[in-house]
Structures are given as structure tokens and as C-alpha cells.
Amino acid sequence: ADLEPDWRALRSAATEAAASAYAPYSHFPVGAAGLTANGIVISGCNVENASFGLTLCAECGLASALRRAGETTLVAVSVTDPAGRLLTPCGRCRQVLLEHGGPDMLIDADPEPQRLGALLPGAFD
Ligand code: THU
């Protein structure tokens, strides 16, 4: 868990997950991949529906898959589009992610990863 995350692998897992997205309304597929404290890679994709506001972000799918895998803690997360371009988690998803790794979680970003705590200062917890 103390090892530097393999960001290339995490980004490619996110890119692969984005290919499974269901985004017929926004035409904006998203994939999220997370490395757990046990070294396992988990992923999710966005799933939209006709009521746009009820869209499930890729990070929500990731949180569900994390729990379903019997894992509890995310240490690093990448979010990308299907071309592998990095995206920043939306505000709601920062809160969702916080629950599963806290402010020290690393979020993939250019030029370097950022702590979730820096992206969501003063978080409600
Ligand atoms: N989306 C995510 O899946 N994660 C984010 O962090 C940002 C936005 C999705 C929601 C919607 O299906 C599409 O991207 C366009 O907003």
C-alpha cells in the first residue's frame, strides 16, 4: 500500500472502463479506476438515464464495485474519457470518493497527482 501507484495502469483501466459507459444523452463516456490499499484495481463507468439529473457518474460505479469486491479503501483514483484524457471528479463525486479513502487519497492529475483533501477542502465528514 506504500508503493507509488502505477498511474499508467490505473489510467488504462479507467480508459477501458469508459468504453463500457452508457452515455446516450451527454455523449460523454467516463471511466474511473481506483487502486485499493490491498493493491487491487477496481473500476466503474457512468450510466445515464432519461432523467438527466439522475445520472450515475463513473465514480459512483467505482464506489459500488469497490464494496462489491469486498474492498474498503481507495488509495489512488484515475478518471478519464475513452481516449484516456484525464478528467477531474465532479463536486458530488469528490464527496463520494472521500468516504472510501479520506483526504489523503491521490487523484490522478497533470502535472502531478493531487490529494483529494486539496480538491475538497473543508469537506463534510
Ligand atoms: N461524469 C462522470 O461520470 N464523472 C465526473 O466526475 C464528471 C461527469 C459524467 C456524468 C455524465 O454522464 C457525463 O459525465 C457528462 O457530464
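The figures here come from the full heavy-atom set of this structure, side chains too, leaving out hydrogens, waters and symmetry mates. Whatever order the structure lists them in is the order used to number ligands and atoms, beginning at 1.
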Measure from the side-chain N and O atoms of [X] to the backbone N and O of [Y], and report whether any donor-acceptor pair falls under 3.5 Å.
{"X": "R115", "Y": "P103", "result": "no"}
{"X": "N38", "Y": "I40", "result": "no"}
{"X": "D108", "Y": "L10", "result": "no"}
{"X": "R94", "Y": "L116", "result": "no"}
{"X": "Q95", "Y": "F124", "result": "yes"}
{"X": "E48", "Y": "S26", "result": "yes"}

Could you please provide the protein residues found below 4.0 Å of ligand 1 on a heavy-atom basis, arranged by chain and number?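 Correct list: S26, F28, V30, N46, E48, T55, C57, A58, E59, T88, P89, C90.
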
